[in-house]
Amino acid sequence: MAAAISAFENGARDILLLERDQYLGGILNQCIHTGFGINYFKEVLTGPEYADRFIKKIKAIPEIEISLKSFVVKLTKNNVITYLKPGSLEEVKAKAIIMATGARERTREMVHIAGTRPSGIFSAGLAQKLINIEGLLPGKEVVIIGSGDIGLIMARRFVLEGAKVKGVIEIERRTRGLARNVVQCIEDFDIPFYLSHKVSKIHGKDRVEAVEVVRVNEGLNEVPDSKFKIECDTVLISVGLIPENELIEMAGVELDRKTNSPVSGELNKTSIPGLFVCGNAFKIYDIVDSVSKDSSLAGRRAVEHIAGQA
Amino acid sequence: MTKNLICIECPVSCILSVDIENCRVVKVKGNKCPKGEEYAKAEMENPVRILTSTVLSKGLSLKMVPVRTDKPIPKAKIQDAMNEIRKIRTEKSVHPGDIIIENFLGFGVNLVATREVSK
Ligand SMILES: Cc1cc2nc3c(=O)[nH]c(=O)nc-3n(C[C@H](O)[C@H](O)[C@H](O)COP(=O)(O)OP(=O)(O)OC[C@H]3O[C@@H](n4cnc5c(N)ncnc54)[C@H](O)[C@@H]3O)c2cc1C
Ligand code: SF4
């Protein structure tokens, strides 16, 4: 939305915004906690409130056509985009395209945890969606792997909903999240926080029954005789996000193998002229205020590209 | 007595060093802006938090309506507030900022919706 609004403000008049969901706002809709907007709006907002500011603004600009339930399935290097809408398959050619497809969560496979594959293992973002959007509590006794902001925020959310969070396990010596989230999500609720520890195994037949936790040294190797068990029925995995960039990869954009970000000399640019990427798809951001700010630049760059072609 | 605190008012997360005499904050250091001092005082004397959660809806486009307290409430009352939030059912369409419950639990704050939810 920030990129589309900025493209309009910089002179573009024929703008199409495609969103696969039935609502605008992306991940912000499930981030119901406060912590958004201090830099951009100088106010403490929740995710949905932050999104709403942009939704109001974008709906007031008739030159931006908003197409919901529109799932982009293909992108080519000459900027032809194909998307599925209920009942039809559409194709458009654009003078410039900005991809703001966000990020997906890293999974258990990416962190290598041994053991069985019972039910009760969720990514933190999925658990967030289940609780905040669907109104379902995924479990009663929870262990959280990883102390990024999403893991910390979800620790508090589970406690508020009446579950017991039996530990947050972080392999590094320091949290990956913001210090403020350690204070208001972990310390406020006396949740056990194990730094320099890792989950070495998940136990359980049909449902998770326990995790095995072990201390690690500076080289991240297991410390002998430091194993202990925590009984739980749910494990949340919160080990970070990776940019969602399958579509631009299909179009031939070069991606950094490690980060999944486009290989790029400059913010928001890709190896294909006229194809821009912004937000979490370009690189993982901690705060949405910076996403909006940088995405505005993507809008301007797209307009400059079109002007340069004319 | 000196206590170290992390300010939670913004993502900068300043480390505050707070001088306390007779349960009163006399000096705050380490804050990069005035909000840090206010936070330290409140944290030592009466810690407060904004509470966010969801309320179950009836007959609306979304099953859960996200809500917040429009001002912070005492930290010690958060579980009481959650117990109350769990009992609420809301049937009216709301815009962000619309009041769901006025003077929530007598705290002098309103429980407000944070997302547009229609019938
Ligand atoms: C759990 C969590 C907690 C966070 N907490 C904070 C916080 O406290 N404070 C803060 O400032 N920031 C926070 N952030 C970070 C911030 O919210 C995000 O960085 C930001 O919202 C990302 O915006 P985005 O537009 O890049 O991605 P997203 O919000 O993920 O948007 C991507 C959009 O693209 C759509 N899409 C994807 N693929 C397609 C396709 N093929 N076709 C059509 N549409 C598609 C998706 O449906 C989605 O709407 C948090 C993030 C998470 C995940
Ligand atoms: S003191 Fe000011 S700048 Fe520092 S964390 Fe608090 S609000 Fe932010």
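The sequence lines fix the lettering, A, B, ..., with proteins before strands; numbering per chain opens at 1. Below, each value reflects all heavy atoms present in this structure, side chains not excepted, and no hydrogens, waters or symmetry copies.
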Using every non-hydrogen atom in the two residues, find where A:Lys56 and B:Pro96 come nearest and quote the distance to one decimal.
NZ-CD, 4.5 Å
Non-hydrogen atoms of A:Glu161 and B:Met82 that approach each other most closely
OE2-CE, 3.6 Å
B:Ile8: which of A:Asp188, A:Thr34, A:Val183, A:Leu178 passes side chain to side chain contact (heavy atoms under 4.5 Å, CB included):
A:Val183
Is the shortest heavy-atom distance from the side chain of B:Ser61 to the side chain of A:Tyr23 under 4.5 Å?
yes
Answer yes or no: is there an ion pair linking B:Arg115 with A:Glu49, defined by an N-O contact shorter than 4.0 Å?
no
Chain B: which of A:Gly47, A:Gly25, A:Pro48 shares the most heavy-atom pairs with it under 4.5 Å?
A:Pro48
A:Leu136 CG: over 12 foreign heavy atoms closer than 6.0 Å:
yes
Per-residue contact mode, A:Ile32 against chain B (heavy atom under 4.5 angstrom)
both
Is the count of non-hydrogen atoms from other residues, nucleotides or ligands lying under 6.0 Å from B:Arg24 atom CZ greater than 12?
no
What I'd like to find out is whether the side chain of B:Leu51 reaches to under 4.5 Å of the side chain of A:Leu160, using heavy atoms alone.
yes
With a 4.5 angstrom heavy-atom cut-off, is it the side chain or the backbone of A:Asn181 that approaches chain B, or both, or neither?
neither
With rounding to the nearest 0.5 angstrom, report the NZ to CZ distance, B:Lys75 to A:Phe189.
8.5 Å
NZ-SG distance between A:Lys42 and B:Cys10, expressed to the nearest 0.5 angstrom:
10.0 Å
Quick one: what part of B:Ile50 sits under 4.5 Å from any heavy atom of chain A, side chain, backbone, both or neither?
side chain
Contacting region of A:Ile55 [heavy-atom separation from chain B under 4.5 Å]
neither
Between A:Asn132 and B:Met64, is any pair of side-chain heavy atoms under 4.5 Å apart?
no
Residues, nucleotides or ligands: over 12 heavy atoms within 6.0 Å of A:Lys166 NZ
yes
Bottom line for B:Leu5: the part with an atom under 4.5 Å from chain A's heavy atoms is neither
Region of B:Cys7 in contact with chain A, defined by heavy-atom distances below 4.5 Å
backbone
Which residue out of B:Lys63, B:His95, B:Arg68 racks up the most heavy-atom pairs below 4.5 Å with chain A?
B:Arg68
From A:Tyr50 OH over to B:Thr114 OG1, what is the distance, rounded to the nearest 0.5 angstrom?
15.5 Å
Taking atom NZ of A:Lys69 as the centre, report whether more than 12 heavy atoms of other residues, nucleotides or ligands fall under 6.0 Å from it.
no
A:Val159, part contacting chain B, at a heavy-atom distance under 4.5 Å:
both
Can you see whether A:Arg157 engages B:Ser53 through a side-chain donor-acceptor pair at a distance of less than 3.5 angstrom?
yes
Is it the case that atom CD in A:Glu231 sees more than 12 heavy atoms from other parts of the structure closer than 6.0 Å?
no
For atom CZ of A:Arg174, decide whether the heavy atoms of other residues, nucleotides or ligands shown that lie under 6.0 angstrom number more than 12.
no
